[in-house]
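Heads up: numbering here begins at 1 and tracks the sequence. No experiment lies behind these values; they were computed from the predicted model shown.
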Amino acid sequence: MSERGALRVRLDLLAREVAKFGVVGAVGLVVNIAVSNLLWRYTDIPTVRAGLLATLVAILCNYVGFRYWTYRDRDKTGRTRELTLFLLFSVVGAVIETGVLYAATYGFGWDTPVQSNVFKIVGIGIATLFRFWSYRTWVFRALPDGETLPAGEASADVPPADGEALPDKGVVSVVTTEGVAQGRAVPVPAPAQAAAVRAEADPARR
């Protein structure tokens with residue numbers, strides 16, 4: 001595969017990862033905001049403490065989504081290490097998120113319901129950038145080169161490279177009139193079928 005093709009595959013995988021990370025993060029955001037508002041409205045828990053509790057609930061929801069969807073094709077060994085690092089980086093993200101809310105509430109006195117929600121979302125946005133970098137780099141590590149997941153566990157989102165065989169069909173590189181190589185799935189005849197075709201063609205040649 002050319003460097004341009006390899007770069008295109010990497011960018012495509014990164015775009016899918018960002019999209020799936022964003023979906024899980026959006027669900028976590030809804031959980032976070034919903035729990036925060038429930039605690040603010042129906043309990044006497046202080047604003048920042050309630051926001052922190054909501055963040056912890058969202059972190060648990062996010063782990064399930066990241067582990068079993070966004071990063072299901074990543075290394076699954078060392079689950080204790082993975083969970084420990086996830087909680088560690090999540091706590092750092094929670095400190096960032098809560099720090100923004102704390103500064104707004106106690107530093108500037110912006111503690112109306114609308115202001116609390118605005119700065120809660122701002123804190124989540126900043127913390128999300130940190131979490132995306134830390135999770136993909138340290139928590140859900142890519143498999144080492146040459147290793148694959150057991151059959152049936154590999155992600156269906158990983159596109160095959162040009163010329164890489166797919167189940168029950170092959171992928172061949174077809175050069176168009178513009179000179180661009182494109183992957184096209186075509187049935188690949190079994191060896192016996194190919195031999196039969198050659199045998200039928202031999203009499204015609206004679």
Side-chain angles (χ1 to χ4, degrees), residues 10-143 149 153 155-158:
R10 287 197 297 269
L11 290 177
D12 181 61
L13 291 175
L14 179 60
R16 294 181 186 216
E17 178 185 345
V18 170
K20 294 167 75 173
F21 189 96
V23 170
V24 175
V27 173
L29 174 62
V30 172
V31 172
N32 200 331
I33 296 299
V35 174
S36 294
N37 280 274
L38 287 173
L39 294 177
W40 291 336
R41 179 180 294 270
Y42 297 108
T43 70
D44 295 327
I45 300 175
T47 300
V48 174
R49 189 177 300 175
L52 181 58
L53 290 174
T55 298
L56 295 178
V57 174
I59 285 173
L60 296 178
C61 294
N62 286 348
Y63 178 77
V64 175
F66 290 142
R67 173 69 276 174
Y68 296 103
W69 188 49
T70 305
Y71 296 112
R72 69 175 182 265
D73 58 338
R74 296 295 182 95
D75 189 3
K76 288 183 172 63
T77 60
R79 191 62 63 87
T80 301
R81 169 199 167 277
E82 173 187 287
L83 185 57
T84 301
L85 287 177
F86 180 85
L87 293 175
L88 174 63
F89 288 121
S90 296
V91 167
V92 175
V95 170
I96 295 173
E97 178 183 328
T98 306
V100 173
L101 183 61
Y102 182 92
T105 301
Y106 298 108
F108 297 94
W110 296 331
D111 56 356
T112 67
V114 173
Q115 290 171 333
S116 295
N117 276 287
V118 168
F119 286 101
K120 177 75 174 176
I121 293 173
V122 170
I124 289 173
I126 298 173
T128 296
L129 295 176
F130 168 78
R131 287 170 179 147
F132 177 74
W133 169 79
S134 61
Y135 291 168
R136 76 186 308 269
T137 304
W138 300 102
V139 181
F140 304 107
R141 298 181 302 175
L143 288 168
L149 291 173
E153 292 189 16
S155 172
D157 294 328
V158 179

Measure the [atom1]-[atom2] distance between [X] and [Y] for me, rounded to the nearest 0.5 Å.
X      : Y      : atom1 : atom2 : result
Asn32  : Asn62  : CG    : CG    : 8.5 Å
Tyr102 : Phe119 : OH    : CZ    : 15.5 Å
Asp44  : Leu39  : CG    : CG    : 11.0 Å
Arg67  : Arg72  : CZ    : CZ    : 11.0 Å

Q: Tell me, please, which residues at least two apart from Val23 pass side chain to side chain contact (heavy atoms under 4.5 Å, CB included).
A: Trp69

Q.
Is it true that Tyr63 and Ser90 share a donor-acceptor pair across their side chains at a distance under 3.5 Å?
A. no

Q | No-hydrogen, no-angle side-chain donor-acceptor test under 3.5 Å, Thr55 and Lys120 | A | yes

Q: Could you check if a side-chain atom of Val122 sits within less than 4.5 angstrom of a side-chain atom of Glu97, using non-hydrogen atoms only?
A: no

Q: Assess whether atom CZ of Arg81 is packed by more than 12 heavy atoms of other residues, nucleotides or ligands within 6.0 Å.
A: yes

**Q.** Over 12 foreign heavy atoms within 6.0 Å of CZ, Arg41
**A.**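 Counting neighbours around CZ of Arg41, 12 or fewer heavy atoms of other residues, nucleotides or ligands fall under 6.0 Å, so no.
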
Q. For the ring pair Tyr135 and Phe66, is the centre-to-centre distance below 6.0 Å?
A. yes

Donor-acceptor contacts, no H, no angles, side chain residues 125-134, under 3.5 Å, sequence neighbours left out:
{"from": "Thr128", "atom 1": "OG1", "to": "Ile124", "atom 2": "O", "distance (Å)": "2.7"}
{"from": "Ser134", "atom 1": "OG", "to": "Phe130", "atom 2": "O", "distance (Å)": "3.1"}
{"from": "Ser134", "atom 1": "OG", "to": "Arg131", "atom 2": "O", "distance (Å)": "3.2"}

**Q.** Glu82 and Arg74 ion-paired at < 4.0 Å
**A.**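 Salt bridge: no.
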
